Amino acid sequence: MATVELRFSALPSHVRTARLVAAAVARQAGVDDSVLDEVRLAVGEACSRAVGLHVRNGVSHPVRVKLTQQEKRFLIEVGDGVPTPVTAHADSSAAEALSLAAGAGGNGGGEQADDTMGLAVISGLVDDLVIGHDDDGGIIRMSWPIADPADDEL
Amino acid sequence: MDLSLSTRSVGDRTVVEVGGEIDVYTAPKLREQLVELVNEGHYHLIVDMEGVDFLDSTGLGVLVGGLKRVRAHEGSLRLVCNQERILKIFRITGLTKVFPIHGSVDEAVAAND
């Protein structure tokens with residue numbers, strides 16, 4: 001199992017770097033070109049969400065991204081350092097995000113709406129998605145199939 | 001790639017041409033631009049996204065915020081986009097029902113509803 005791990009300070013400017021690294025490693029692992037855009041977007045959403053959580057909770061630890069090439073799947077885990085389990089679920093809808101945005105007085109509601117919209121995008125993009133937590137904080141696990149090299153030889 | 005923004009007037013509409021990546025880092029610049037336009041009295045906006053390479057939920061949030069602002073002045077916010085990978089994000093989030101999305105700036109300028 002080949003792995004690449006990335007840790008970055010919770011700064012919005014580093015999210016793009018995480019996207020680029022994840023897409024490059026996914027391509028190298030054999031993830032189909034047609035889904036690389038999805039990988040890039042999903043990782044970006046997960047990292048943006050983690051950065052937001054770190055900033056709002058005053059967490060100084062870096063955001064963690066682990067990219068693992070398994071036999072038939074490419075696994076991406078994005079971990080935040082916020083210890084309490086996050087209550088939001090993957091089935092959060094964009095409609096909910098919109099209602100939050102509409103009701104936002106310009107304060108926390110907008111951030112919460114962004115967070116919900118981010119989860120809505122991830123859950124719409126990724127078939128294999130688990131939102132949970134480990135000892136360090138919340139964690140989003142996503143995976144995509146790796147194209148079988150044997151198919152290329154046919 | 002960073003975000004590029006330019007604006008121009010077409011009749012009573014203001015076209016905001018956006019290029020590059022709209023994400024958690026660059027979205028605040030787009031938000032500032034939309035807020036500034038509304039504060040200056042531009043209530044009918046067309047956001048041309050043909051030059052956008054990447055859009056995430058933060059960008060969607062900024063566009064929804066812009067829509068709220070123009071609607072408060074009985075204005076409109078229309079999008080111009082033909083890129084499938086960008087349109088997919090609007091579809092996933094159900095925002096195709098919220099934003100009028102056009103194939104060209106001319107079409108958006110001509111639209112009335």
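Since the model is a prediction, treat every value here as computed from it, not as a measurement. In what follows, every chain begins at residue 1, and chains take the letters A, B, ... in the order their sequences are listed. The analysis underlying the following values was restricted to heavy atoms, covering all of them including side chains, and did not include hydrogens, waters or symmetry mates.
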Over all atoms of both residues, closest heavy-atom pair of [X] and [Y]:
X        : Y        : result
B:Ile92  : A:Gly124 : CG2-CA, 3.7 Å
A:Gly118 : B:Ser57  : CA-OG, 3.3 Å
A:Arg40  : B:Asp53  : NH2-O, 3.7 Å

Practice task
Without swapping roles, check the side chain of A:Glu45 against the backbone of B:Asp56 for a donor-acceptor pair under 3.5 Å.
Solution key: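 No, A:Glu45 side chain to B:Asp56 backbone: no donor-acceptor pair under 3.5 Å.
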Exercise for the section: Treat each ILVMFWY residue as a node, draw an edge where side-chain heavy atoms are under 4.5 Å apart, and state whether B:Ile86 and B:Leu45 are in one component. Expected result: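 In one cluster with B:Ile86: B:Leu45, yes.
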Problem - Cluster link A:Leu75 to A:Val4, ILVMFWY, side chain under 4.5 Å - result: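 Shared cluster, no.
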Handout entry: Portion of B:Leu60 that has a non-hydrogen atom of chain A nearer than 4.5 angstrom
Key =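 B:Leu60 touches chain A through backbone and side-chain heavy atoms alike.
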Handout entry: B:Leu67 versus chain A, the contacting section by heavy-atom distance below 4.5 Å
Key =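 Answer is neither: B:Leu67 stays 4.5 Å or more from chain A.
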Once rounded to the nearest 0.5 Å, what's the spacing between atom [atom1] of [X] and atom [atom2] of [Y]?
X        : Y        : atom1 : atom2 : value
A:Met117 : B:Thr93  : CE    : OG1   : 6.5 Å
B:Lys88  : A:Leu125 : NZ    : CG    : 6.0 Å
A:Asp37  : B:Gln83  : CG    : CD    : 10.0 Å

Exercise for the section: Could you tell me whether A:Arg19 sits above the aromatic face of B:Phe54, with NZ or CZ closer than 6.0 angstrom to the six-membered ring centre and within 45 degrees of the axis? Expected result: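 Relative to the ring axis of B:Phe54, which defines the angle, A:Arg19 lies inside both limits.
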Please check if atom [atom1] in [X] has more than 12 non-hydrogen atoms from other residues, nucleotides or ligands closer than 6.0 Å.
X        : atom1 : result
B:Arg91  : CZ    : yes
B:Tyr25  : OH    : no
B:Asp12  : CG    : yes
B:Arg31  : CZ    : yes
A:Asp127 : CG    : no
B:Glu84  : CD    : yes

Problem - Which of A:Cys47, A:Gly44, A:Ser48 touches chain B most, by non-hydrogen pairs under 4.5 Å - result: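 With the most close heavy-atom pairs to chain B, the winner is A:Ser48.
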Problem - Part of A:Val121 lying under 4.5 Å from any heavy atom of chain B - result: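 It is both, since atoms from each part get that close.
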